Amino acid sequence: MSSWTIIFRASGLAAGLAASGLGLTALAQGPQIEVQSLQALDPLEVGLPGAALGLSLWDGTDSGLASRVLMQLPAADSPGYTSPALADLARAVLSSGGYPPAGGRGDQALPVLRADRLLAAGGVFEAYDLLERTPNLNENEPLSRLQAEMAFATGNLRSACHTADALLRGRDQAYWLRARAFCLALDGQGSAAELTAELARNAVEDAGYDALLFAITLEASAAEALPAIDSGLKLAMARQLHGDAALTGIDTTGAPGWLSRFVSGRAIPDAGPANGPAEAFAEALQLSGQARTAALEAVLSQGQDREIAASALSALFDDAVAAHAFVLAARHYGGEVQTLPVTHDTLGDGYRFALAALISGDVSIARRWRDALFNGPPRPPVLPALDETGKPIEPMPGAIEPDVPEWVPPSPRRMVNLDLAMAIASDRLSGDRAAALIAAYQEAQGAAVLGDTLSLERLGADPSPGVRAALLELTPATVGPDLLAMEAAARAGARAETAILAVAALAHAGAQPDAGTLSRSVAALDALGLREAALNLLLERIVARAV
């Protein structure tokens, strides 16, 4: 029974007793009445809006098994996920709140493990929001440290300092002493900050922290070269000195994986280029590395010439394809596609623009570009000639219209890729058209996409001819223990366990899971009601292969 349910029932009980004149003691003496004590809300009962699973997600799983299952997922200090769609699914599952697993209420390690795995999935803001809602955080030192680190990293300094101040146990560890010293410095208490930092220094030396605190407390000019940033605390200190410029080019070699990924993620700048769009674009093409990306993003964000913005987006996609990161770039910049004009020139990269719109969730914009790719760009309007009074002159019969460049649609293979991606994004997998697309895709790509084809059949697509025979030609693959455990959990009705093990099986398989692992995981997700997540996994694979 959830704490909120208990509280609600206790309130109703008290009201009923007051109305009847009975006391709690008299009621408790009755042989048919069970009195339950109020319990604090467990951290695992805290969830976020839009989470994937409901309150009973841990039914059928005990606390020991829940811990082992969560440990199958990538950890926060690991490289994380190679699939953005899989990371999305992990975040949706891990941000689900519900009744703790059997024997897990009050287990301090489980919420720490959950938050750590949520961080690994790129859910810095989700994990921070989750822990902000968690009661009695100050009684759990590891969970408090995760919350403080995320608060420092995301710029929520007031929250981080409150956590450091409110901690009940473990507050004399070097990390917390340094956190409170920074907070004291922010509050203008430089002497107290230095004394507190000295206590931390006596426990563990950290020259990088000391250099940052020295610059902050003395309001001195910070050295141009920042020390290595290996924690959210140091990132907050660097930002205090340099502002958001501290995010560019800093050394995060010793930082946990989640923090390195957080620092490297950069938004499209709001400010446009200093020069005109054409000149700025030409200059951006001469650059390399982060400077080139930032310059191209500035051209992409400007509103003066959206055709040149389309050229900047093409250049960003070229760089992403060279780095085998088109899916990441498409997700990051895909929202810009709706702002680009459909012209003869921009349609030169219309195929990738349509794929980017699809993977960023805009099927209608993708369809607009797809139709233009097939039919050609919209014809420019013919402006009528005007007479001396300003009235339009009727065109002469047989008048010659302006020349329009001939349009050649993309190859049939590309159109199959795009149309199949659209069918998946729209969840239109049944019927003759989808069957023809899947069969053409399978024929063009061969054995490499058998897992995709089999997965689509598991989601309701009609069987493709020749697939069963092709499956018999595959090299035998070892069935992983996480996949077997996933199917056992599904049979037992253990929803969270099933979803987490499906994510783990796909994460362990890497970019090219075998046909069995992919199709069985997809089927398990669909059975859990996570069909959209399953479709997104397949859409991502189609898009990645399409370029």
Side-chain angles (χ1 to χ4, degrees), residues 52-54 56-57 59-61 69 72-73 81 83-90 92-94 96 420-421 423-431 434-435 437-439 441-442 445 447-472 474 476-545:
L53 302 175
S56 60
L57 73 163
D59 281 7
T61 306
V69 167
Q72 301 303 309
L73 296 176
Y81 290 78
S83 163
L86 191 59
D88 288 346
L89 172 59
V93 171
L94 292 169
S96 302
L420 179 57
I424 294 171
S426 306
D427 194 5
R428 296 179 178 175
L429 301 183
S430 60
L437 289 171
I438 295 170
Y441 180 73
Q442 177 66 58
Q445 302 286 350
V449 299
L450 276 172
D452 301 335
T453 303
L454 193 58
S455 297
L456 290 169
E457 291 183 7
R458 295 283 184 100
L459 293 179
D462 295 338
S464 297
V467 168
R468 297 196 302 276
L471 288 171
L472 292 174
L474 291 178
T478 302
V479 178
D482 40 18
L483 194 67
L484 294 174
M486 175 200 76
E487 293 180 332
R491 290 191 294 273
R495 294 174 58 78
E497 197 179 324
T498 304
I500 291 171
L501 287 170
V503 173
L506 292 172
H508 293 161
Q512 297 299 330
D514 63 83
T517 298
L518 179 61
S519 61
R520 290 158 76 172
S521 299
V522 162
L525 293 171
D526 188 33
L528 284 173
L530 302 177
R531 183 178 180 85
E532 183 177 352
L535 288 167
N536 286 338
L537 288 169
L538 296 177
L539 173 63
E540 179 182 275
R541 293 175 57 78
I542 300 294
V543 169
R545 195 177 294 277

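Predicted model, so just to flag it, every value in this text is computed and none were measured.
- When every heavy atom of Ser519 is checked against every heavy atom of Ser455, the shortest pair comes out as CA-OG, 3.2 Å.
- When atom types are taken as modelled, the side chain of Ser83 and the backbone of Leu86 share a donor-acceptor pair closer than 3.5 angstrom.
- Under the 3.5 Å distance criterion, with hydrogens and angles disregarded, a donor-acceptor pair is assigned to the side chains of Glu497 and Thr61.
- For the atom pair Leu474 CG and Leu450 CG, the distance stands at 5.0 Å (nearest 0.5 Å).
- The two atoms that bring Thr498 and Ala489 nearest to each other are OG1-C, 3.3 Å, heavy atoms only.
- Here the closest non-hydrogen pair linking Val93 and Ala499 is CG2-CB, 3.9 Å.
- Summarising the geometry of Arg545 relative to Ala448, their closest heavy-atom pair is NH2-O, 3.7 Å, with the distance given to 0.1 Å.
- Contacts classified as salt bridge (charged side-chain N to carboxylate O under 4.0 Å, His left out) and involving residues 525-542 (residues at least two apart or in different chains) are given here: Asp427-Arg531, Asp452-Arg541, Asp526-Arg531.
- A distance-only check finds no donor-acceptor pair linking the side chain of Arg495 to the backbone of Asp59 [under 3.5 Å].
- Each of Leu454, Val479, Leu525 was evaluated against Arg520; a single residue qualifies, Val479, per the side chain to side chain contact (heavy atoms under 4.5 Å, CB included) test.
- You'll find the side chain of Leu73 reaches within 4.5 Å of the side chain of Tyr81, heavy atoms only.
- In this structure the side chain of Leu535 reaches within 4.5 angstrom of the side chain of Leu429, judged on heavy atoms.
- Contact annotation: the side chain of Leu89 never approaches that of Asn536 to less than 4.5 Å [non-hydrogen atoms, C-beta and beyond].
- In the displayed structure, Arg428 atom CZ is contacted under 6.0 Å by at most 12 heavy atoms of other residues, nucleotides or ligands.
- Between Ala496 and Leu53, the shortest heavy-atom contact is CA-CD1, 3.7 Å.
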Under 3.5 Å, which donor-acceptor pairs link side chains of residues 500-516 to any protein atom two or more places apart or in another chain?
residue	atom	partner	partner atom	Å
His508	ND1	Asp482	OD2	2.7
His508	ND1	Ala504	O	3.3
His508	NE2	Gln72	O	2.9
Asp514	OD1	Gly516	N	3.0
Asp514	OD1	Thr517	N	2.9
Asp514	OD1	Thr517	OG1	3.4
Asp514	OD2	Thr517	OG1	2.9

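- Between Thr453 and the options Arg458, Gln442, Gln445, a side-chain hydrogen bond (donor to acceptor under 3.5 Å, both in side chains) holds for only Gln442.
- Summarising the geometry of Ala439 relative to Ser464, their closest heavy-atom pair is N-OG, 4.4 Å, with the distance given to 0.1 Å.
- Between Leu518 and Leu538 the shortest side-chain heavy-atom distance falls below 4.5 Å.
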